2 protein chains.
Amino acid sequence: MTDATITCCAPIAREPLSESDAVEMAALLKAVADPVRLRLLSLIGSHAGGEACVCDLTDAFDLTAPTISHHLKVLRTAGLIDSERRGTWVYYWIIPSVVAKLGALFTPLSEPGAASGPVDVELVTA
Amino acid sequence: MTDATITCCAPIAREPLSESDAVEMAALLKAVADPVRLRLLSLIGSHAGGEACVCDLTDAFDLTAPTISHHLKVLRTAGLIDSERRGTWVYYWIIPSVVAKLGALFTPLSEPGAASGPVDVELVTA
DNA sequence: GCGCTGATTTGACAGATATCTAATCAGGGC
DNA sequence: GCCCTGATTAGATATCTGTCAAATCAGCGC
């Protein structure tokens with residue numbers, strides 16, 4: 001009966017994840033748990049117009065086109081991105097709500113009165 | 001002042017992730033990209049006192065003790081949890097700052113005028 | 001139609017991973 | 001010391017995954 005931890009933690013640390021939720025989220029996480037796919041997602045999301053042509057993406061990696069295509073398919077199958085063919089080129093864009101689902105699992109619930117943002121974590125450590 | 005894209009997106013969609021950051025985050029993500037490890041993390045975090053004995057965890061799964069031990073090791077090696085032996089039992093607890101690092105990647109930056117929380121996503125979909 | 005470029009699919013393969021059994025380590029009680 | 005319980009390590013194995021080369025598909029221009 002210790003209710004002291006109601007608003008302290010990330011959802012994953014507040015109550016036990018059900019098995020089905022765990023399976024669902026793990027599938028999503030597996031899709032992004034790869035350096036290439038993380039960078040693909042990032043490149044697509046930060047590209048001008050919110051979408052990127054495959055040709056823009058391939059150059060950023062030392063990988064063959066089929067490999068990039070494979071990774072894009074993994075992201076698309078997971079529901080994180082979608083694509084459309086426009087003439088010769090195929091364009092990809094992020095589905096923000098699905099990306100947010102990932103963040104929601106791990107981000108501490110913001111308490112009114114905290115700093116500006118919900119989390120203030122150093123990402124770039126190089 | 002109102003630059004349309006400054007506060008719109010998750011960090012991963014705001015600017016391209018560097019390769020080293022991608023590798024670092026992918027390692028973290030790979031650790032949680034498994035249903036068993038997700039539930040372990042959740043069980044540990046939501047357990048009374050913020051820590052859980054291995055004996056508490058093993059019963060929640062249809063897996064052998066060595067397998068649970070393996071998964072705990074993966075989480076610990078990634079830096080997401082830590083452990084301590086106390087007499088006969090070994091206790092595990094979450095390292096919140098590392099968990100928050102995961103969330104920070106995918107959580108849209110909250111705008112001061114947005115709804116209550118930074119993200120409002122349905123997690124339980126069965 | 002033909003050839004060219006962009007992108008995906010297929011097939012193959014090396015490396016990683018999740019799981020188990022058996023063995024080992026760590027404390028506590030006798 | 002000896003045994004019992006809790007937990008980890010070691011070894012083995014079946015499966016999954018990331019990558020590439022080769023083949024195929026999709027538009028476009030001639």
Side-chain angles (χ1 to χ4, degrees), chain A residues 17 19 22-44 47 49 51-93, chain B residues 17 19 22-44 47 49 51-93:
Chain A
L17 215 55
E19 182 164 351
V23 169
E24 180 192 345
M25 292 308 298
L28 221 46
L29 287 165
K30 230 167 38 168
V32 294
D34 179 280
V36 175
R37 290 199 289 271
L38 263 188
R39 287 184 63 208
L40 279 173
L41 204 61
S42 188
L43 282 170
I44 293 171
H47 201 267
E51 57 182 26
C53 167
V54 175
C55 54
D56 298 325
L57 303 172
T58 341
D59 298 338
F61 300 88
D62 254 348
L63 297 169
T64 64
T67 299
I68 300 295
S69 208
H70 160 71
H71 285 301
L72 288 170
K73 187 178 191 175
V74 172
L75 288 171
R76 198 163 64 84
T77 301
L80 285 156
I81 59 177
D82 202 357
S83 68
E84 184 186 41
R85 173 163 222 125
R86 264 175 241 148
T88 306
W89 297 280
V90 175
Y91 291 85
Y92 282 83
W93 59 88
Chain B
L17 214 56
E19 182 163 353
V23 168
E24 179 192 346
M25 292 308 299
L28 220 47
L29 286 164
K30 231 167 35 167
V32 293
D34 179 281
V36 175
R37 290 198 288 271
L38 262 188
R39 288 185 63 208
L40 279 172
L41 203 62
S42 189
L43 283 170
I44 294 171
H47 201 268
E51 57 182 25
C53 167
V54 177
C55 55
D56 297 326
L57 303 171
T58 335
D59 297 340
F61 300 89
D62 254 348
L63 298 169
T64 64
T67 299
I68 299 296
S69 207
H70 160 71
H71 285 300
L72 287 170
K73 187 178 193 175
V74 172
L75 287 171
R76 199 163 63 85
T77 301
L80 286 155
I81 60 177
D82 202 356
S83 67
E84 184 187 40
R85 172 166 221 121
R86 263 175 241 149
T88 307
W89 296 279
V90 175
Y91 290 85
Y92 282 84
W93 59 87

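Order of the sequence lines sets the chain letters (A, B, ...), proteins ahead of strands, with each chain counted from 1. Keep in mind it's a predicted model, so treat the numbers as computed, not measured.
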Tell me the interatomic distance from A:W89, atom CH2, to C:dT8, atom P, rounded to whole angstroms.
14 Å
Can you tell me the distance, in whole Å, between the CZ atom of B:R85 and the C1' atom of D:dG6?
7 Å
Is there any protein nitrogen or oxygen under 3.5 Å from a nitrogen or oxygen in nucleotides 28-30 of chain C, and what are the pairs?
none

Whole angstrom is fine here: how far is it from CD1 in A:I68 over to P in C:dT8?
10 Å
Write down the distance between CG (A:L75) and P (D:dG18), rounded to a whole number of angstrom.
10 Å
Please report the shortest heavy-atom distance between B:A78 and B:A31, naming the atom on each side.
CB-CB, 3.5 Å
Using whole Å, what does the distance between atom C1' of nucleotide D:dA26 and atom CD of A:E84 come to?
15 Å
Which pairs of donor and acceptor atoms, one on a side chain in residues 62-70 of chain A, lie under 3.5 Å apart (sequence neighbours left out)?
unit_1, atom_1, unit_2, atom_2, d
A:T64, OG1, A:T67, OG1, 3.2

Atom of B:E51, atom of B:H47 and distance for their closest heavy-atom approach
O-ND1, 2.9 Å
For B:S83 and B:R76 the tightest heavy-atom approach is OG-CD, 3.5 Å
Does the A:S42 side chain pair with the main chain of A:L38, one donor and one acceptor, at a distance under 3.5 Å?
no
OP1 or OP2 of C:dG6 less than 4.0 angstrom from a side-chain nitrogen or oxygen of A:Y91, does that happen here?
no
Quick check for you: among C:dA7, D:dT9, D:dT8, whose closest atom lies nearest to any side-chain atom of B:K73?
D:dT9
Can you tabulate the close N/O pairs, meaning under 3.5 Å, that link protein atoms to atoms of nucleotides 15-20 of chain C?
unit_1, atom_1, unit_2, atom_2, d
C:dT17, OP1, B:K30, NZ, 3.1
C:dA18, OP1, B:R37, NH2, 3.3
C:dA18, OP2, B:R37, NH1, 3.2
C:dT19, OP2, B:H71, NE2, 2.3
C:dC20, OP2, B:T64, N, 3.2
C:dC20, OP2, B:T64, OG1, 3.1
C:dC20, OP2, B:T67, OG1, 2.7

Find the distance A:Y92:OH to C:dA7:C1' and express it as a whole number of Å.
8 Å
Within this structure, what is the CG-to-P distance between A:L38 and D:dG18, rounded to whole angstrom?
12 Å
Taking every heavy atom of A:K30 against every heavy atom of A:R37, the minimum-distance pair comes out as O-NH2, 3.2 Å
What pair of heavy atoms forms the shortest contact from B:A33 to A:A33, and how long is it?
CB-CB, 4.0 Å
Euclidean distance, atom CG of residue B:L72 to atom P of D:dT8 [Å, nearest integer]
6 Å
Taking A:R86 for its side chain and A:T88 for its backbone only, find out whether a donor-acceptor pair lies under 3.5 Å.
no
I'd like to know whether CH2 of A:W93 has more than 12 heavy-atom contacts from other residues, nucleotides or ligands below 6.0 angstrom.
yes
